[in-house]
There are 2 protein chains.
Amino acid sequence: MTEFNEKQLEILQVAEQLFAEDGFDGTSVRDIAKKANVNIAMISYYFGSKEKMLEALVLNRISDMRLQLESLYHENIPPFAKIDKMVELYITRINKNRCIYQIIHFEFSTKKRELNFESFTEMKQSNLETFKNIIKEGQDSGEFQKDINVALLPPIIMGTYFQFHMNKPLYMKIFDLKTEEEYNNYILTTLTQHIQKTIKALLVYEN
Amino acid sequence: MTEFNEKQLEILQVAEQLFAEDGFDGTSVRDIAKKANVNIAMISYYFGSKEKMLEALVLNRISDMRLQLESLYHENIPPFAKIDKMVELYITRINKNRCIYQIIHFEFSTKKRELNFESFTEMKQSNLETFKNIIKEGQDSGEFQKDINVALLPPIIMGTYFQFHMNKPLYMKIFDLKTEEEYNNYILTTLTQHIQKTIKALLVYEN
DNA sequence: GTTTAAATTAAACGTTTGTTTAATTTATTT
DNA sequence: AAATAAATTAAACAAACGTTTAATTTAAAC
């Protein structure tokens, strides 16, 4: 993979923000160029095209989640603690790269765009295997139930987060979160705990 | 609210599909007009503009969820059964109006579109009140735990569904769902049960 | 049957889109 | 210092965009 210079990285950063705000189609290369203080032609000059820039952006941002998850798997801590840490890893990571996840899920999921989506699906499947291993530890120790559909656990974690975030105005109102900081703090504390609790409850629930 | 004739409804139907497939910005009025077999000018003629058409579409589709939820609340069945029915109501409804929900959540939430969003937020807050009442029944009977953050339950239900659906290719592969019908059936059976189980597990979980 | 309103059309409108060109400036190499 | 490559620019490009116009057809009312 090619490395990017400072100017290219700044363009990507601006693009990331604008894409997440206004969508891929809703953002013009002129908007990006203007905000990044570069000439319009630089997008084509550097990345080839607008679409290829998006491709470069995604690949540049999403790359090391697998390693983090693998690392967690090999930690020597009790199953429940590991679940907590895993959920926390998911949330902090998604929350940090909120923009790019939004782009990936809400722009790319439509089948019209054909990028190298396979690598992304592969990553997910790989992560799912590690996920299964982590659950299996708790099952082997007798702490978790046996009949767990592990593949449906990530949607709970990520889905709950996204659904919360997509209704940001509503929840800021309900929970009286006045600033961006308070909102973010709520995600990293209460919402994270809520999701941790949900997953753990499901893992021990007897039908 | 004005009623629509057949041609207008067909235009809305086509628009709904295309918006969900390619996004609002990704769909041109020419695409809509072509697929709906009407002249381009008809969109402006009927709805005023492309944006107003989207507004009409949303308001036309999402209108009676509140009534359904209220009706369920007044049903005289055990708390756990009511939870199951409520989750089922959510899923079947979202699944049926999948397109419009996708548009609402992935187009409206992030982007700076100025529509009458308030009515939608109000609807959610109203639904949340009914939701709280349903949970309270189970708490009063001693079957549910007391410390439930009810406002964070809908994100679990809807989020899990959407996250599943956004990774449709992945899950069709994992669960060996070969046809659209099998996929839909999986949602209405296994996935629904999974979410029901999750909510119920959370409601009885002791920290 | 005539008149009036609604529906429908093709064409054109002015913008904005992503991309390219060709000229110029800046940086690097020889 | 001269030559070469890279970076940057303003301008132009054709295509696509949402919307409007003005003319025509269809339907309804009288």
Side-chain angles (χ1 to χ4, degrees), chain A residues 1-60 103 106-108 110 112-116, chain B residues 1-60 103 107-108 110-116:
Chain A
M1 186 163 174
T2 51
E3 290 176 16
F4 298 118
N5 61 38
E6 272 193 35
K7 215 131 212 177
Q8 287 173 302
L9 286 174
E10 197 190 328
I11 294 174
L12 287 182
Q13 192 178 317
V14 168
E16 181 178 7
Q17 187 192 331
L18 290 181
F19 286 161
E21 276 177 12
D22 308 326
F24 182 75
D25 295 310
T27 307
S28 70
V29 289
R30 283 172 176 81
D31 294 335
I32 299 169
K34 193 178 177 185
K35 188 156 189 176
N37 284 316
V38 296
N39 191 275
I40 324 163
M42 298 309 288
I43 274 94
S44 293
Y45 179 72
Y46 275 141
F47 304 102
S49 69
K50 189 191 177 188
E51 286 234 0
K52 282 185 181 171
M53 181 181 55
L54 176 57
E55 213 170 305
L57 174 60
V58 171
L59 291 178
N60 183 261
I103 293 163
F106 307 159
E107 296 283 339
F108 281 68
T110 67
K112 201 180 177 185
R113 302 200 191 293
E114 284 187 25
L115 305 204
N116 37 3
Chain B
M1 186 163 172
T2 52
E3 290 177 16
F4 298 118
N5 61 40
E6 272 193 35
K7 215 130 212 180
Q8 286 174 301
L9 286 175
E10 197 189 329
I11 293 174
L12 287 182
Q13 192 179 317
V14 168
E16 181 178 7
Q17 187 192 331
L18 290 180
F19 285 162
E21 275 177 11
D22 309 325
F24 182 75
D25 295 311
T27 306
S28 70
V29 290
R30 284 174 176 80
D31 293 335
I32 300 169
K34 194 178 177 184
K35 189 156 190 176
N37 283 317
V38 297
N39 191 274
I40 324 162
M42 298 309 287
I43 274 92
S44 292
Y45 180 72
Y46 274 143
F47 304 102
S49 70
K50 189 191 178 188
E51 287 234 358
K52 282 184 181 172
M53 180 180 56
L54 176 58
E55 212 170 306
L57 174 59
V58 171
L59 291 178
N60 183 259
I103 294 164
E107 295 282 339
F108 280 66
T110 61
K111 299 166 191 177
K112 318 157 188 167
R113 302 208 186 288
E114 287 187 24
L115 306 204
N116 37 1

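In what follows, every chain begins at residue 1, and chains take the letters A, B, ... in the order their sequences are listed.
Rounded to whole Å, atom P of C:dA7 lies 15 Å from atom CD1 of B:Ile43. As a whole-Å value, the separation of A:Glu10 CD from D:dA7 C1' is 15 Å. Per the geometry, CD belonging to A:Glu6 stands 12 Å off P belonging to D:dT8, to the nearest Å. The distance between atom NZ of A:Lys52 and atom P of C:dT20, rounded to the nearest whole Å, is 9 Å. Separating the CG atom of B:Asp25 from the P atom of C:dT17 is a distance of 11 Å, rounded to the nearest angstrom. Residue B:Ile32 contributes atom CD1, which lies 10 Å from atom P of D:dT19 at whole-angstrom precision.
Comparing atom distances between the A:Lys50 side chain and each of D:dA6, C:dA7, C:dT19 picks out C:dT19 as nearest.
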Only distances under 3.5 Å count here; give the side-chain donor-acceptor pairs of residues 7-14 of chain A to other protein atoms, sequence neighbours excluded, each with its distance to 0.1 Å.
{"unit_1": "A:Gln8", "atom_1": "OE1", "unit_2": "A:Asn5", "atom_2": "N", "d": "2.9"}
{"unit_1": "A:Gln8", "atom_1": "OE1", "unit_2": "A:Asn5", "atom_2": "ND2", "d": "3.4"}

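Between B:Tyr45 and C:dT8 there is no side-chain N or O to OP1 or OP2 distance below 4.0 Å.
Nearer the 5' end of DNA chain C, as judged by each residue's closest nucleotide, is the contact made by A:Asp31, out of A:Gly48 and A:Asp31.
Within 4.0 Å (heavy atoms only), B:Tyr46 reaches sugar-phosphate atoms of the nucleic acid but no base atom.
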Response to the item:
In B/S/- notation (B base, S sugar-phosphate only, - none; protein heavy atoms under 4.0 Å), nucleotides 10-16 of chain C written 5' to 3' is B-B----

